[in-house]
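What follows is a short report on a single structure.
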Amino acid sequence: MKHVRSGRGRFLVFEGIEGAGKSTQLPLVERRLGDAGVKTLATREPGGTPLGESLRAVLLDPRFTGMSPAAELLVMFAARAEHLAKVIEPALAAGTWVLCDRFTDATFAYQGGGRGVDATQIAALEETAQGGLRPDLVLVLDVPVEVGLARAGRRRQMTMGFPAAPAEAGLARGMTDRFEREDADFFRRVREVYLERARARPEHYAIIDASADEDTTAERVLTTISKRFPYRRHSTRQAYEAGI
Ligand code: Z5A
């Protein structure tokens, strides 16, 4: 298994169940790393390229409810192969730190834990698509399912009231996507796979308690990153006083 070598950028992945706070935390980390002089690239899966974003719209589209688990799995990896070739690999080779909102752990968690696809099939596709590349660090933002779903529900209600709020491509504002329609048991299975995978390989994973407020969680995430990959960083107080 190849991990990103020194001289290349770091590959950091943010994972968690729906509403865990990945999309909230990732830009905060991007900003703090940038302030510390680290060159970063923020991206997401499924997505991150024109082809990947088109495939994302298909994957989330509720008209395709009942898509076969095998089709869902292959489309995820098609998007990932393009993302790796066009965005992730070139950025890492240029020394950029890639901050990715979800990656292959999401496939093990959602298609494996959620849909019941055999993990060995996922591992075989992982090998084919990634050629052995694995993230340097997977940050599993962990919240109880009830907390995540409540947050996601509140966000949906809020965006419905704000015409300017961006909607997912192909989805009307406030409409639930194909994954958001799953029940709490689905997300419990997803969460369990994340935790199992993180506990099995602690050198490449960190489980972050993300049930606290956004600032506390951000501090936990940044402390974890800077311990694993030391970089010069401002404390929250210094950053606040400096207005950054
Ligand atoms: N998927 C898959 O099945 N297989 C794969 O291989 C991959 C993906 C890569 C789209 O992903 C779907 O694709 C995803 C899994 C599947 N579906 N689900 N579920 P996505 O990451 O784009 O979508 P998402 O998981 O639905 O993201 P999300 O709901 O946006 O979750 P989040 O990014 O973790 O949450 P957030 O947007 O940062 O926060 C949600 C709300 O909570 C928002 O209003 C925040 O303001 C609020 N929030 C955030 N942090 C806090 C704290 N600390 N306290 C209180 N409130 C907070």
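In listed order, ligands and their atoms are each counted from 1. All figures in this text were calculated on a predicted structure; none of them were measured in a lab. The first residue in the sequence is number 1, and the count goes up from there.
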Min over E182, H83, R155 of heavy-atom distance to atom 37 (O) of ligand 1 lands on R155
For the backbone of P62 and the side chain of R181, can you confirm whether one donor and one acceptor N or O come within less than 3.5 Å of each other? no
| task | Work out whether the distance between some heavy atom of F187 and some atom of ligand 1 is less than 4.0 Å. | result | yes
Ligand 1 to T107, heavy atom cutoff 4.0 Å, flagged ligand atoms 5 (C), 6 (O)
(message) Between ligand 1 and R44, can you find any atom pair, the residue atom being a heavy atom, that is separated by under 4.0 Å?
(response) no
- Query: Among side-chain atoms of Y110 and R102, is any donor-acceptor pair under 3.5 angstrom?
  - Reply: yes
Checking heavy-atom distances from atom 39 (O) of ligand 1 to each of D101, T24, I17, the winner is T24
Checking heavy-atom distances from atom 4 (N) of ligand 1 to each of Q111, E18, R56, R151, the winner is Q111
**Asked** Any side-chain heavy atom of M76 within less than 4.5 Å of one from R56?
**Response** no
Residue, atom and distance of the protein heavy atom nearest atom 14 (C) of ligand 1 read R102 NE, 3.7 Å
| said: When you compare the side chain of R115 with that of E182, does any pair of heavy atoms fall below 4.5 Å? | reply: yes
Nearest heavy atom to atom 53 (N) of ligand 1, choosing from A218, G21, P46, A212, belongs to A212
Under 4.0 Å from one or more heavy atoms of E45, ligand 1 contributes atoms 9 (C)
### Query
Hey, does the side chain of H204 reach the backbone of L137 with a donor-acceptor pair shorter than 3.5 angstrom?
no
For S23, the atoms of ligand 1 under 4.0 Å from one of its heavy atoms are 30 (O), 32 (P), 33 (O), 37 (O), 38 (O)
re atom 17 (N) of ligand 1, the protein heavy-atom contact at minimum distance is F179 CB, 3.3 Å
Any heavy atom of T216 under 4.0 Å from ligand 1? The part involved is neither
* How about Y194 and D142: do any of their side-chain heavy atoms sit closer than 4.5 Å? -> no
Whether R228 side chain and Y205 backbone form a donor-acceptor pair below 3.5 Å: yes
Here the atoms of ligand 1 under 4.0 Å from any heavy atom belonging to D213 are 53 (N)
Between T65 and R178, do the side chains contain an N or O donor and an N or O acceptor separated by less than 3.5 Å?
-> no
Could you check whether any heavy atom of R80 sits closer than 4.0 Å to an atom of ligand 1, since that is the contact criterion I want to use?
yes
Next item on the list: Give the C-alpha distance, both sets of side-chain angles, the deciding distance and a yes or no for side chain to side chain donor-acceptor pair (under 3.5 Å) between T107 and R80.
Entry: CA-CA 11 Å; T107 314; R80 182 161 302 136; 2.8 Å; yes
Per-atom filter on ligand 1: closer than 4.0 angstrom to a heavy atom of A106 are 4 (N), 5 (C), 6 (O), 7 (C), 9 (C)
Could you tell me whether a side-chain N or O of R220 sits under 3.5 Å from a main-chain N or O of D209, the two making a donor and an acceptor? yes
Q: Assess whether atom CZ of R63 is packed by more than 12 heavy atoms of other residues, nucleotides or ligands within 6.0 Å.
A: no
Between T224 and A206, the two heavy atoms sitting closest are CG2-CB, 3.5 Å
Does at least one non-hydrogen atom of R154 fall below 4.0 angstrom from an atom of ligand 1? no
protein heavy-atom neighbour closest to atom 46 (O) of ligand 1 works out as E214 OE2, 3.7 Å
Quiz item: Is it true that a side-chain atom of T217 and a backbone atom of D213 form a donor plus acceptor pair closer than 3.5 Å?
Solution: yes
The protein heavy atom nearest to atom 31 (O) of ligand 1 is G19 N, 3.1 Å
Looking at ligand 1, would A152 count as a contact under a 4.0 Å heavy-atom criterion? no
If you scan protein heavy atoms around atom 27 (O) of ligand 1, the nearest is K22 NZ, 3.5 Å
Ranked by distance from atom 10 (C) of ligand 1, the top protein heavy atom is L60 CD2, 3.9 Å
Honestly, for M76 the part within reach of ligand 1 (heavy atoms, under 4.0 Å) is side chain
